[in-house]
Amino acid sequence: MTEKHFEVIVVGGGHAGTEAALASSRMGCRTLLLTQNIETLGQMSCNPAIGGIGKSHLVKEIDALGGIMARAADEAGIHFRTLNARKGPAVRATRAQADRALYKTAIRNALEEQPNLLIFQQSVDDLLVAGDRIEGVTTQMGLSFYAPTVVLTVGTFLGGVIHVGMEKREGGRAGDAPSNRLAARLRELPFQVGRLKTGTPPRIDGKTIDYSELESQPGDEPRPAMSYLSTGEEHPRQVACHITHTNEKTHDAIRAGLDRSPLFTGEIDGVGPRYCPSIEDKVVRFTDRSSHQIFIEPEGLNTREVYPNGISTSLPYDVQLDLVQSIKGFEQAHITRPGYAIEYDYFEPRDLRTSLETRYLAGLYFAGQINGTTGYEEAAAQGLVAGINAALSVKEEGLWCPDRSQAYIGVLIDDLITLGTKEPYRMFTSRAEYRLVLRQDNADRRLTAIGRKLGLIDNDRWRMFSEKEAGIGALSKEMASRWVQPGDAKFENHLGKPLSREYNLLDLLKRPEVEVESLLSLAGLPDNNAGVSEQVEIDCKYAGYISRQQQEIDRVRSQHGLGIPKDIDYSGVAGLSNEVSQKLHEVRPETIGQAARISGVTPAAVSLLLIYLKKHKASAALKSA
Amino acid sequence: MYEKDTIVALATPLGKGGIGVVRVSGPLVTDIANGMIGGIPEERIATFTSFLDAGGSPVDQGLALLFKSPRSFTGEDVLEIQGHGGPVVMNLIVERVVELGARLARPGEFSERAFLNDKIDLSQAEAIADLIDSASNQAAMSAMRSLRGEFSRKVYHITESLVQLRTYVEAAIDFPEEEIDFLEDPRVNSGLDALIEKISDLKNEATQGALLREGVSIVLAGRPNAGKSSLMNRFTGTDTSIVTEIAGTTRDVIDEHVHLDGVPIRLIDTAGLREGGDPIEIEGVRRAVKEIDQADFVLIVVDLGAHREDLNSHVEQLMYEIPNNAPYLVVLNKSDIWQPTTVDLSCEYVLTSAVTGVGIDVLKGRLKEGIGYTVGGEGTFIARSRHLDALQRGLEALSKGKTAFADSRAGELLAEELRRCQLALGEITGEFTSDDLLGRIFSSFCIGK
């Protein structure tokens with residue numbers, strides 16, 4: 001390699017790293033992606049699925065901003081489902097089971113085809129720092145690469161320790177080495193470090209499973225897709241998942257092995273996620289349950305290996321074997337890879353700015369599990385934002401991050417940098433106060449125009465998006481001008497009651513029981529684009545709720561958008577209690593809105609802050625004049 | 001200038017005798033004028049008019065004054081409504097303004113807006129900060145007082161039921177693949193109905209006066225024969241507006257509802273505190289201590305005639321015996337019998353004679369200040385109104401949620417209204433974050449695959 005100088009260096013080739021590298025290079029910055037192992041680019045280290053509740057919202061937002069995750073999931077997806085289909089459009093979600101190999105191929109192809117991007121296989125050992133700025137990195141071989149911005153996406157590799165029973169060893173993922181020298185280097189910097197834990201189940205050879213006894217769960221038809229660009233034709237062959245359950249025998253086996261569980265003997269002190277407990281945790285905590293559900297997820301089209309989701313464990317191998325073979329359908333099962341728990345370092349995300357730049361080293365960005373999150377989608381979302389902001393900083397443009405009312409990505413980042421996290425952070429729709437506005441069906445309408453301005457959206461996607469927008473406008477205009485008269489038998493039969501007066505089609509669509517497809521067909525209007533009529537329907541049916549949330553958003557923005565200077569001294573703000581000023585000092589909010597969201601910061605404290613800022617600004621203006 | 005919502009507050013202390021001013025500031029002022037007085041008054045001209053309720057019937061008559069932005073106290077559009085000052089009527093006016101889209105102002109918020117909109121000199125920044133700080137503290141104390149006893153118990157009970165319901169609904173949304181479909185669970189519908197009923201009941205009770213008009217409680221405490229009952233009679237006797245008279249369950253605790261210049265007060269006479277006595281008296285003292293413990297304000301009554309020699313040590317002894325978590329005032333009574341030439345007490349006191357009436361007006365004045373009915377301050381009455389306003393908003397959200405759920409079975413709309421209800425109740429009981437909610441879900445259900 002002859003090139004030593006880049007504009008952006010991305011360290012790590014997982015879900016965060018690939019989105020970061022693609023975003024910055026798409027924005028025109030010369031980017032270097034450093035990975036320990038090119039073969040593991042786009043690796044799904046945990047279960048082979050993309051999306052799910054709250055997560056597909058992130059995937060579609062990444063897609064709306066030109067990211068790769070949704071398209072890769074479409075190319076690799078072997079089983080698609082719509083979740084919460086009947087609970088309303090805002091909480092509807094899409095999940096794809098992915099063929100691991102196809103997924104990696106899709107990601108790797110995208111990286112290789114991307115102009116401005118170089119990939120190099122090297123483990124990073126050290127950061128090059130000048131004063132309080134990053135200047136580049138040094139690799140294991142002693143090579144140095146220079147760039148004004150570095151995005152670190154090192155996942156669970158920092159100080160990773162793998163546990164199986166009472167055995168433990170260092171590792172970043174089963175089969176991969178941890179990044180201990182880099183971890184040691186980062187620990188020298190003033191970042192606050194914590195320990196988290198996550199785990200995986202044992203993988204099983206599908207040849208040894210008796211499926212005849214198990215419930216089969218096919219994918220949905222019509223088949224949903226992840227990307228706004230998808231036609232459905234890129235999906236490979238589809239397969240079914242299966243469901244089985246643990247039983248009392250399983251639980252007995254687990255209880256018998258608890259004395260050798262690193263979780264219950266105190267070997268593991270990292271904090272695990274409450275929503276994804278290990279099977280031993282579930283058995284111990286919920287003693288009244290005699291059975292727990294297991295989803296058997298296929299690992300791919302060209303392998304028999306399966307991922308039994310629901311029995312993540314760090315029990316010793318012999319206990320794993322006992323518990324697996326006690327389960328219906330698994331009586332003869334062969335474990336191909338034992339389950340394990342992994343503990344790793346993460347950095348207090350409240351030390352980050354909204355751009356995901358670290359507060360202590362200018363030009364250094366963190367994204368993914370290093371910030372205490374879990375999940376491919378959460379990692380990818382942060383990678384995208386870090387990549388965008390690294391590029392913006394190179395171009396000397398202002399930072400960009402969506403706010404809480406624009407995207408789940410905004411909720412994710414604001415939660416992380418304002419509240420921090422004590423357990424691996426996963427997205428849930430209940431975290432979003434503007435849930436009704438932040439739907440997976442409108443991520444493009446929320447974000448694609450912004451992405452275009454940022455330089456992330458190519459002409460093809462922009463054309464498709466613009467056509468869709470124009471279609472939505474045209475269809476609602478058409479429907480508003482089509483009137484149905486009382487006595488119109490066709491419509492009255494469909495509605496099941498007579499019309500009391502003249503209505504236009506949009507008025508009729510407001511009724512909860514009326515669907516857009518049937519209305520269009522009754523009116524003899526073409527329904528060429530399901531994405532278009534869906535938007536018209538949701539806009540119409542939810543108009544009241546959406547406009548109420550929009551009003552709230554506008555109000556909060558105007559009140560809370562005000563920036564807080566970086567160098568503010570909270571001890572000088574009259575009237576603030578010590579407790580509040582301490583909290584503000586720890587979080588260093590960038591706006592009044594962020595300050596208001598810190599727990600314990602009262603409305604009165606916000607008022608005091610506003611008054612201080614006003615006075616401060618006026619006296620600063622006076623001095624400069 | 002900040003684009004803000006519209007706020008409303010009483011600008012004058014509550015008092016029956018005088019005029020009461022309700023001030024409204026913000027972008028909705030002209031709409032509110034339209035709804036309240038059926039038109040927009042001419043700018044800066046006092047207009048005599050009726051103030052109408054939602055049905056168009058007059059609640060009160062008085063003057064309306066409109067100040068257009070920026071020529072107003074806050075720099076925003078301001079409407080001043082001058083009515084007849086009685087707390088119940090003023091409260092109806094405030095409620096109506098809230099119904100028309102305003103929200104109750106936070107303590108000091110009018111001044112804050114005036115400052116932020118350059119209507120108050122920058123050099124006043126510290127003074128405004130002080131005002132907000134002290135007014136907020138006072139409001140917080142009043143809110144705590146409003147939250148005592150039965151009211152508090154019911155509000156917390158309602159909040160707990162709401163959290164349980166949300167746990168079900170949000171779990172159904174965020175964890176659809178668990179084996180129970182929480183939304184289909186009949187507990188969701190029955191829980192929603194029960195919750196609506198509970199809030200309605202509490203609101204009705206309050207609106208009928210049991211809670212709101214009960215006002216603050218003031219306990220007379222002291223040794224037997226210190227003159228507590230005579231003082232009580234002075235209050236009830238000079239103020240003819242006795243609402244009810246209820247004898248306590250024992251002969252030793254008596255409470256009466258009186259108006260102190262229009263401010264509703266529950267005055268409680270207690271058994272004289274002393275050790276020993278027969279079982280009935282011991283029980284009376286126990287109840288007295290309980291009343292004192294729950295009081296908003298305590299008058300410690302001292303018999304001057306009996307303590308000519310040991311006034312200081314007697315007062316100290318009383319302070320030691322009386323639980324001191326409420327604000328108090330020492331009343332040196334029977335000044336007609338003996339009056340010290342100098343008083344050297346470390347606490348605040350007034351000299352009175354229940355028999356001649358000397359010092360009673362001073363006592364009333366101090367009492368009103370003590371319970372927070374002062375300009376810019378916020379007493380229990382307002383705190384209680386805030387709480388009822390929050391309950392009302394919570395109730396509205398629940399009714400909407402119920403309809404939406406029945407119409408579409410879409411859990412997301414029900415969930416949204418439950419969230420709004422929680423936000424409203426949170427103003428009373430403290431914030432309940434989405435992370436708190438997730439915590440409840442994970443501890444209630446075995447979630448996760």
Side-chain angles (χ1 to χ4, degrees), chain A residues 47 53-54 83-84 86-93 273-277 282 285-286 289 291-295 309-312 415 419 428-433 435-436 512-513 541-542 545 549 554-555 558-559 562 573-576 599 602-605 607-608 610-612 614-615 618-619, chain B residues 2-5 106-109 112 115-116 118 122-123 125-126 128-137 139-140 166 170-179 183 404 406-416 419-420 423 431 433-435 437-439 441-443 445-449:
Chain A
N47 70 321
I53 308 285
L83 309 173
N84 278 346
R86 284 188 304 278
K87 288 178 193 142
V91 298
R92 206 167 285 155
R274 285 173 297 176
Y275 41 83
C276 194
K282 291 193 228 180
R285 285 183 45 220
F286 293 89
R289 293 276 296 264
S291 167
H292 296 277
Q293 195 167 240
I294 301 169
F295 279 85
N309 202 343
I311 49 168
S312 134
D415 276 352
L419 309 175
F428 297 105
T429 68
S430 51
R431 296 194 193 271
E433 62 273 41
R435 179 159 67 185
L436 295 180
E513 71 281 5
K541 282 207 162 64
Y542 283 67
Y545 285 93
Q549 286 214 331
D554 292 343
R555 209 181 60 231
S558 70
Q559 287 175 20
L562 190 69
V573 179
L576 279 190
S599 114
T602 58
S607 297
L608 296 171
L610 280 171
I611 286 167
Y612 174 86
K614 167 111 184 167
K615 193 184 165 206
S619 50
Chain B
Y2 298 98
E3 188 54 37
K4 293 264 195 176
D5 42 7
R106 290 192 303 272
E109 199 172 5
E112 176 192 341
F115 178 82
L116 294 175
D118 298 318
L122 281 171
S123 64
E126 310 289 318
I128 301 284
D130 280 349
L131 170 72
I132 290 173
D133 191 29
S134 66
S136 306
N137 289 339
R166 288 191 76 203
E170 293 291 344
I173 287 172
D174 270 337
F175 305 95
E177 288 182 298
E178 297 308 317
E179 285 152 286
L183 277 185
D407 279 353
S408 63
R409 305 300 296 168
E412 62 177 15
L413 297 183
L414 174 60
E416 166 70 4
R419 184 184 73 86
R420 296 181 75 87
L423 278 179
E431 196 188 10
T433 65
S434 62
D435 210 53
L437 182 65
L438 285 167
I441 293 175
F442 301 137
S443 60
F445 309 114
C446 181
I447 293 284
K449 43 178 211 176

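Chain letters run A, B, ... following the sequence lines, proteins first and then strands; every chain starts at 1.
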Please flag which part of B/D130 lies under 4.5 Å from any non-hydrogen atom of chain A: side chain, backbone, both or neither.
-> neither
When you check the gap from the basic side-chain N to the acidic O, do B/E412 and A/R92 get nearer than 4.0 Å?
-> no
With no hydrogens and no angle check, is any side-chain donor or acceptor of [X] less than 3.5 Å from a backbone partner on [Y]?
{"X": "A/K614", "Y": "B/L116", "result": "yes"}
{"X": "B/E177", "Y": "A/L83", "result": "no"}
{"X": "B/E112", "Y": "A/S607", "result": "no"}
{"X": "A/R431", "Y": "B/D435", "result": "no"}
{"X": "A/K87", "Y": "B/A172", "result": "yes"}
{"X": "B/D174", "Y": "A/T429", "result": "yes"}

Looking at A/G88, A/A574, A/S599, which makes the most heavy-atom pairs under 4.5 Å with chain B?
-> A/G88
Of the listed A/A93, A/P603, A/G54, the one with the largest count of heavy-atom pairs under 4.5 Å with chain B is A/P603
Quick one: closest heavy-atom pair of [X] and [Y], and the distance?
{"X": "A/R285", "Y": "B/S443", "result": "NH2-CA, 4.3 Å"}
{"X": "B/G439", "Y": "A/R274", "result": "CA-NH1, 3.2 Å"}
{"X": "B/L438", "Y": "A/S430", "result": "CD2-OG, 3.7 Å"}
{"X": "B/R419", "Y": "A/E433", "result": "NH2-O, 3.2 Å"}

So, for B/F175 and A/F428, is the gap between ring centers shorter than 6.0 Å?
-> yes
Quick one: which of B/R166, B/E431, B/E170 has the most heavy-atom pairs under 4.5 Å with chain A, could you say?
-> B/E170
Do you know which of B/L423, B/L413, B/D118, B/I132 has the most heavy-atom pairs with chain A at a distance under 4.5 angstrom?
-> B/L413
Kindly indicate whether the side chain of B/D407, heavy atoms from C-beta on, has any atom under 4.5 Å from the side chain of A/E513.
-> no
Between CG on residue A/N84 and CD1 on residue B/I173, distance to nearest 0.5 Å = 6.5 Å
[X], part contacting chain B, at a heavy-atom distance under 4.5 Å:
{"X": "A/I611", "result": "both"}
{"X": "A/P89", "result": "both"}
{"X": "A/Y542", "result": "side chain"}

